[in-house]
J.: 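One structure, pasted below without further comment.
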Number of protein chains: 2
Amino acid sequence: MKKTCAHHHHEKKQELASLTGRLRRESRKITGPRAAILEILRHHPHPLTNKEIFAELPKGECDLVTIYRAMQMLEKLGMVKRFDFGDGTARFELVGEGDDGHHHHLICTRCTGVVEIDECFPEEIERRIARANRFTGVTHRLEFFGVCPDCQK
Amino acid sequence: MKKTCAHHHHEKKQELASLTGRLRRESRKITGPRAAILEILRHHPHPLTNKEIFAELPKGECDLVTIYRAMQMLEKLGMVKRFDFGDGTARFELVGEGDDGHHHHLICTRCTGVVEIDECFPEEIERRIARANRFTGVTHRLEFFGVCPDCQK
DNA sequence: AAATCAGTTGCAAATGGTTTGCAATTAAAA
DNA sequence: TTTTAATTGCAAACCATTTGCAACTGATTT
């Protein structure tokens, strides 16, 4: 149950073939909309909302609902990770094979710009919290908020 | 800008008079619904959703919308703190005078039971993150999830 | 290559949390 | 008690997300 917080986003872009392979293995169809969505995720280093993905898509490529369904499915297969920046809109990021995608962000509260963070909540402290309360399988959700250099001016 | 993560929930219950005083000072009216809402918050150690507050209220005491508006106002005055457990429903907890209410929770993913946590994200690491990215006014949102003792059985 | 079938899609409509418009009401100041 | 700004209830609007369903399409089989 090791946390691997560091450097996910430094990994090299995943091949589209590897992604479609993962789908095929789960007997999921590689459709136009799905390929397009994966392409967009592949080229984006930051978590995207479904609307943002929709906006990137060539108009008419697919319905917004299809994106919602695709993200649900990709999340279930562990191919994307859902993030919650507290604004009531889910964001998704592609996850590498064998990775759990666990990491955190620093979000500018003025411009909503996002920086990925390598730091993670210290494992020993988390273990202490789990033990003290006799909880098992403890993880955390953690995001940082502040004002980015540009927005400070 | 000191974080005071520990022991908020061990503080003794706030007097209703102190709460209404804070409202009066801001030229807010002490109405039946508001007094009732504050009473409920005062007696609850854990974050409550608006619906939960509504359910605790004697039927017909006030409209759900009134609770939404009251919570918005109380949050603006810094009298309650909003928490986000990632289930798309806001939760609120009363905050002591002079306190910023910053603290975290350990939430059971099976029964949604909540435990308040004294631990906080280490200040030096947060400062390092802020400095490394030249962000100012950095805070964090942090919640832990796991399976509570009862639900492990 | 055509048939087959489970998995997919689009569209419309439903959900669920939260917000807003507005006229009627009321707490607190004068 | 009068006056006035703040507050409330109700209905409707909003927004992100989900769901029902009939039409459709990849991928596999024949």
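Quick caveat: nothing in here was measured; it's all calculated off a predicted structure. Naming: A, B, ... by sequence-line order, numbering from 1 per chain.
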J.: Taking NZ from K76(B) and P from dA6(D), how many angstroms apart are they, rounded to a whole number?
T.: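 It is 12 Å, rounded to the nearest whole Å.
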J.: Taking the minimum atom-to-atom distance to the side chain of K29(B), which one of dA27(D), dT8(D), dA28(C) wins?
T.: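 Between dA27(D), dT8(D), dA28(C), the one nearest the side chain of K29(B) would be dA28(C).
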J.: Pick one: which of L41(B), L38(B), L48(B) meets side-chain contact (heavy atoms from CB on, under 4.5 Å) with V80(B)?
T.: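 Going through L41(B), L38(B), L48(B) one by one, the side-chain contact (heavy atoms from CB on, under 4.5 Å) with V80(B) is satisfied by L41(B) alone.
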J.: May I have the distance from M71(A) (atom CE) to dT8(C) (atom C1'), rounded to whole angstrom?
T.: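 Between C1' of dT8(C) and CE of M71(A): 16 Å.
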J.: Quick check, are the ring centers of F144(B) and H105(B) under 6.0 angstrom apart?
T.: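 No - the distance between ring centres of F144(B) and H105(B) does not fall below the 6.0 Å cut-off.
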J.: Just how far, in rounded Å, is P of dG17(C) from CG of L48(B)?
T.: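 It is 15 Å, rounded to the nearest whole Å.
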J.: Looking at every non-hydrogen atom in both residues, tell me the closest pair between C120(B) and H140(B) and how far apart they are.
T.: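 For C120(B) and H140(B), the tightest heavy-atom pair comes out as SG-NE2, 3.5 Å.
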J.: Polar pairs (N or O, both sides) under 3.5 Å between protein and nucleotides 28-30 of chain D?
T.:
none

J.: For nucleotides 16-24 of chain D, just jot down a letter per nucleotide in 5' to 3' order: B, S or -, based on protein non-hydrogen atoms under 4.0 Å.
T.: SBBBB----
J.: I'd like to know if R141(B) and E143(A) make a salt bridge, using a cut-off of under 4.0 Å between side-chain N and carboxylate O.
T.: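 So R141(B) does not pair with E143(A) through a salt bridge.
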J.: In terms of side-chain heavy atoms, does H44(B) have a donor or acceptor partner in E93(B) at a distance below 3.5 Å?
T.: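 No, no side-chain donor-acceptor contact under 3.5 Å.
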J.: If I take atom CG from residue L142(A) and atom NE2 from residue H103(A), how far apart are they, to the nearest 0.5 angstrom?
T.: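 Going from the CG atom of L142(A) to the NE2 atom of H103(A) covers 11.5 Å.
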J.: What integer distance in Å separates D63(B):CG from dA24(C):P?
T.: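 So the two atoms are 18 Å apart, to the nearest Å.
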J.: Which whole-number value in Å describes the distance from E61(B) CD to dG9(D) C1'?
T.: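 One finds 13 Å between C1' of dG9(D) and CD of E61(B), rounded.
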J.: In this structure, how many angstroms lie between the P atom of dG26(D) and the CD1 atom of I30(A), rounded?
T.: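 Result: 11 Å.
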J.: Tell me what E26(A) touches on the nucleic acid: a base, only sugar-phosphate, or nothing, going by heavy atoms under 4.0 Å.
T.: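 No contact at all - E26(A) keeps every heavy atom at 4.0 Å or more from the nucleic acid.
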J.: Does the plane of the ring in F121(A) sit parallel, tilted or perpendicular to the ring in F121(B)? Use 30° and 60° as the thresholds.
T.: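 Rings of F121(A) and F121(B): tilted, 30 to 60°.
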J.: Any salt bridge linking R128(A) with E119(B)? Criterion: basic side-chain nitrogen under 4.0 Å from a carboxylate oxygen.
T.: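 So R128(A) pairs with E119(B) through a salt bridge.
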J.: Starting at CZ of R34(A) and ending at C1' of dT9(C), how long is that distance when rounded to a whole Å?
T.: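 Computing the R34(A):CZ to dT9(C):C1' distance gives 9 Å.
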J.: Please determine whether a side-chain nitrogen or oxygen atom of T66(A) lies at a distance below 4.0 Å from atom OP1 or OP2 of dT8(C).
T.: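 It does not, given that no N or O in the side chain of T66(A) lies less than 4.0 Å from OP1 or OP2 of dT8(C).
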J.: Using atom CE of M73(B) as one end and atom P of dT19(C) as the other, report the distance to the nearest whole Å.
T.: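 So the CE-P distance, M73(B) to dT19(C), works out to 14 Å.
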J.: Parallel, tilted or perpendicular, judged at 30° and 60°: which one describes the rings of H102(B) and H104(B)?
T.: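 Correct class here is perpendicular.
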